[in-house]
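Values reported hereafter were calculated over all heavy atoms of this structure, with side chains retained and with hydrogens, waters and symmetry mates removed. Protein chains get the first letters and strands the later ones, always in sequence-line order, with residue 1 at the start of each.
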Number of protein chains: 2
Amino acid sequence: MEKKRAILALAALAQTTRLDVFRALVAAEPTGVAAGDLARRFAVPANTLSAHLNVLAHAGLVKGERKGRSITYRAELAQVRLLLGFMLKDCCGGNPDACGPLLDQIVCCPEKACPS
Amino acid sequence: MEKKRAILALAALAQTTRLDVFRALVAAEPTGVAAGDLARRFAVPANTLSAHLNVLAHAGLVKGERKGRSITYRAELAQVRLLLGFMLKDCCGGNPDACGPLLDQIVCCPEKACPS
DNA sequence: TAGTTCGATATTTCCGGAAATATGGAAAAA
DNA sequence: TTTTTCCATATTTCCGGAAATATCGAACTA
């Protein structure tokens, strides 16, 4: 991932409502959530939420698809993967010695990270 | 890492100069770099860089220590670790099925991630 | 009806000039 | 020699203008 897109993604996530929405969409994979449902869930006006969704979409982190009258948004996990890869490269690539303890302490799904 | 601090960190990194500086400091671990050297390297006025360093420090991503008349800044790898953990938790914790392919494709130091 | 776009306002962020603060070296004074 | 004074360097703080962002009512669209 190039720096420019990484900055877009970081900025998109650096806002309370957007981070909440994004987390909800990741958790809702692969089904997705309608924009209106998100607006209700987080008590945000529809137009404000629309603007936030637009920022997330512009960063490539989510994608909307019309489903009848409503529009279902889904998280783009591939983009998340690229973003995390970019950030890890900054640390590990820039300073390999820091990589070991860094990855060791990441507690997420260690058994899947090491498919023996 | 709590959400508030994660947002601070994401916002701190979502800016070209700050991301550049942060990357340089990660690469310069554990020695660190003086503020003035960073200003020269990235051709940014001292006061502007000082403001950026302040944002990074407030987010806990870097830390400055006086060394004589200059101030040496260092990256806080522990905080980076927390931030990456937070982001991974959003994906893996929120949707464990997405975790496997996500971590599999992270190319950083795979041999260290899986210390057989 | 569900969402988006437009337009206006409030707030925040970015930037750099000017001045203030901190440190230490070197010369001058006691 | 010790202390003070002065000066140069390093960085931060203060300030305001310009640009970007956040928010929401109202109109528009699918």
Transitive ILVMFWY side-chain link B:F86 to A:L13, under 4.5 Å
yes

Assign each of B:R40 and A:T48 the nucleotide of DNA chain D bearing its closest heavy atom; nearer the 5' end lies the nucleotide of B:R40

note: A:R69, atom CZ; D:dT29, atom C1'; distance rounded to Å ~ 14 Å

Sugar-phosphate, base or nothing in reach of A:A35, heavy atoms under 4.0 Å: sugar-phosphate

d(A:L56 CG, A:E76 CD) to nearest 0.5 Å is 11.5 Å

Closest non-hydrogen contact found for A:A35 with A:L49 is O-CD2, 3.2 Å

The bend of the helix from C:dT1-D:dA30 to C:dA30-D:dT1, taken between the axes of its five terminal pairs at each end and rounded to 10°, is 30°

Heavy-atom check, side chain of A:H52 versus side chain of A:T17, under 4.5 Å: yes

Exercise. So what does B:A34 touch, heavy atoms closer than 4.0 Å: a base, only the sugar-phosphate, or nothing?
Worked result: sugar-phosphate

- Message: Within the 4.0 Å heavy-atom criterion, would you say A:S70 contacts the bases, only the backbone, or no part of the nucleic acid?
- Response: sugar-phosphate

| said: Between A:R18 and A:V21 (side chain of the first, backbone of the second, donor and acceptor by atom type, cut-off under 3.5 Å), is there such a pair? | reply: no

query: What's the verdict on salt bridge (charged side-chain N to carboxylate O under 4.0 Å, His left out) for A:D20 and A:R41, showing C-alpha distance, side-chain angles and the deciding distance?
result: CA-CA 10 Å; A:D20 287 340; A:R41 185 186 315 183; over 6 Å; no

Exercise. Side-chain contact, heavy-atom cut-off 4.5 Å: B:M87 with A:V80?
Worked result: no

Handout entry: Chi angles and distances behind the side chain to side chain contact (heavy atoms under 4.5 Å, CB included) call for A:F22, A:V62
Key = CA-CA 8 Å; A:F22 178 71; A:V62 306; 4.1 Å; yes

| message | Is any side-chain heavy atom of B:E65 closer than 4.5 Å to one of B:I71? | response | no

**Prompt:** Are the side chains of A:Q15 and B:I7 in touch, meaning some heavy atoms are under 4.5 Å apart?
**Reply:** no

Numerically ordered, the residues 12-20 of chain B set in heavy-atom contact under 4.0 Å with DNA chain D is none

Nt span of DNA chain C in reach of chain A heavy atoms at under 4.0 Å, 5' end first, is C:dT1 to C:dT5

Do the side chains of B:R74 and B:E29 get close enough for a salt bridge, i.e. N-O under 4.0 angstrom? yes

